[in-house]
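In listed order, ligands and their atoms are each counted from 1. Note that these values count all heavy atoms, side chains included, but never hydrogens, waters or copies made by symmetry.
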Amino acid sequence: MNDDTDANRQTGAKVRILVWDLPVRLFHWTLLGLMIALYVSAELLDDAITLHATLGLTVLALVIFRLIWGVAGSTYARFGQFVRGPGAVLRYSRSLFDRRPDLEAGHNPLGGWMVLVLLALTLVQAGLGLFSNDDVLFEGPLAGMVSKSTSDLVTGLHRELFDVLLVLVGLHVAAVVWHKLFKGENLVIPMFTGYKELPAEARASAMRGGSLRLAVALLAVCLGLVFWLLA
Ligand code: HEM
């Protein structure tokens, strides 16, 4: 640690850097909206199964997009940046109760795994929906490929996994609240603006790469393929 860093720590100097690219931010808040709409269309509305299926296909396309963006996106959108080994996760876990903001610009090592789990489960959930049926008139686009009993089994799993997802989303939101209340760090505003204010000692640099044109093209391909093949 050099003199500069010590000075920054003493004065509490902060730097404002761009961390989340626009596709990541739009992806996140659209996913939240879609999850709410999926819940409402499945549980609260009558006869909304076609709407539910359309929303489900949109989620499927979005998550596939996000997985590709995890390789082709900007610095902090990349899995290679935030998926860390057990050592880093353990070290970070020990600092969970430190009453100071993290030095991580992107997802912290624990949060990174949560992101992966949320993406994977959302993908599986949307995938299961393709094989489900509602026992009346509706069948998912791939339900015809399996027997009725298998489709019934998958439908049960599709219902139960949603509850698991709800619990995980609850944990995810609880972690965000924890950061605000315990570490004095607001993670929500950066998910809207893209900018994080970090202690200067974090020595993080602004995100790079992740062309918006590429994102639009990738998203169009994902939506096009999913709806063309499965709608
Ligand atoms: C009110 C509800 C929610 C709030 C306030 C919220 C907040 C946040 C915040 C602040 C981050 C960035 C965390 C960080 O700085 O490392 C984040 C990331 C993330 N959240 Fe949420 N979230 C919510 C709901 C959801 C839901 C419903 C899902 C879907 C399953 C979800 C999935 C994700 C994913 C996948 C990421 C990683 C984003 C990326 O890298 O693409 N969140 N969320």
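Counting non-hydrogen atoms of neighbouring residues, nucleotides and ligands closer than 6.0 angstrom, the CG atom of Leu137 reaches no more than 12 such neighbours. More than 12 heavy-atom neighbours from other residues, nucleotides or ligands sit within 6.0 angstrom of CZ on Phe138.
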Item to complete: For Leu157 and Val124, run side-chain contact (heavy atoms from CB on, under 4.5 Å): C-alpha distance rounded to whole Å, both residues' side-chain angles, the deciding distance at 0.1 Å, then the answer.
Response: CA-CA 10 Å; Leu157 286 175; Val124 171; over 6 Å; no
Item to complete: Could you walk me through whether Phe192 and Trp29 pass the ring pair (Phe, Tyr, Trp, His ring centres under 6.0 Å) test, one step at a time?
Response: CA-CA 8 Å; Phe192 282 105; Trp29 298 117; 4.4 Å; yes
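In this structure, Glu104 pairs ionically with Arg84, as a charged nitrogen and a carboxylate oxygen lie closer than 4.0 Å. Comment: Asp102 engages Lys183 in a salt bridge, judged by a side-chain N to carboxylate O separation of less than 4.0 angstrom.
When only non-hydrogen protein atoms are considered, atom 35 (C) of ligand 1 lies nearest to Leu119 CD2, 3.8 Å. For atom 1 (C) of ligand 1, the nearest non-hydrogen atom of the protein is Leu32 CD2, 4.0 Å. Among all protein heavy atoms, the one lying closest to atom 32 (C) of ligand 1 is Leu118 CD1, 3.6 Å. The closest protein non-hydrogen atom to atom 10 (C) of ligand 1 is Leu187 O, 3.2 Å.
Considering Met35, His107, His28, Arg25 only, the shortest heavy-atom separation from atom 21 (Fe) of ligand 1 involves His28. With distances taken over non-hydrogen atoms, the option nearest atom 26 (C) of ligand 1 out of Leu34, Leu110, Val169, Val117 is Val169. Of the candidates Arg66, His179, Arg78, Glu185, it is Arg66 that places a heavy atom closest to atom 39 (C) of ligand 1.
In Met191, the part holding a heavy atom less than 4.0 Å from any atom of ligand 1 is the side chain. Under 4.0 angstrom from ligand 1, the non-hydrogen atoms of Val173 all belong to its side chain.
Looking at Thr30, its side chain does come within 3.5 Å of a backbone N or O of Leu26 through a donor-acceptor pair. Between the side chain of His52 and the backbone N or O of Leu38 there is at least one donor-acceptor pair closer than 3.5 Å.
Shown in contact with Leu31 at under 4.0 Å from a heavy atom are these atoms of ligand 1, numbered in order with element: 29 (C). Using a 4.0 Å cut-off to heavy atoms of Phe27, the atoms of ligand 1 that qualify are 41 (O).
Under the 4.0 angstrom criterion for non-hydrogen atoms, Tyr76 is not in contact with ligand 1. For the pair Lys196 and ligand 1, a heavy-atom separation below 4.0 Å is found.
Between Trp29 and ligand 1, no N or O atom pair is found at a separation short of 3.5 Å. Considering backbone and side-chain atoms together, His172 places an N or O closer than 3.5 Å to an N or O of ligand 1. When only interatomic distances are considered, the shortest N/O to N/O separation between Trp20 and ligand 1 does not fall below 3.5 Å. Remark: ligand 1 and Asn108 share no N or O pair separated by less than 3.5 Å (distance only, no angle test).
Between Tyr39 and Phe162, the two ring planes are parallel [angle under 30°; tilted spans 30° to 60°].
Checking Tyr76 against Asp21 by side-chain atom types alone, no donor-acceptor pair falls below 3.5 Å.
Checked against the 6.0 Å centroid threshold, Phe97 and Trp178 count as a close aromatic pair.
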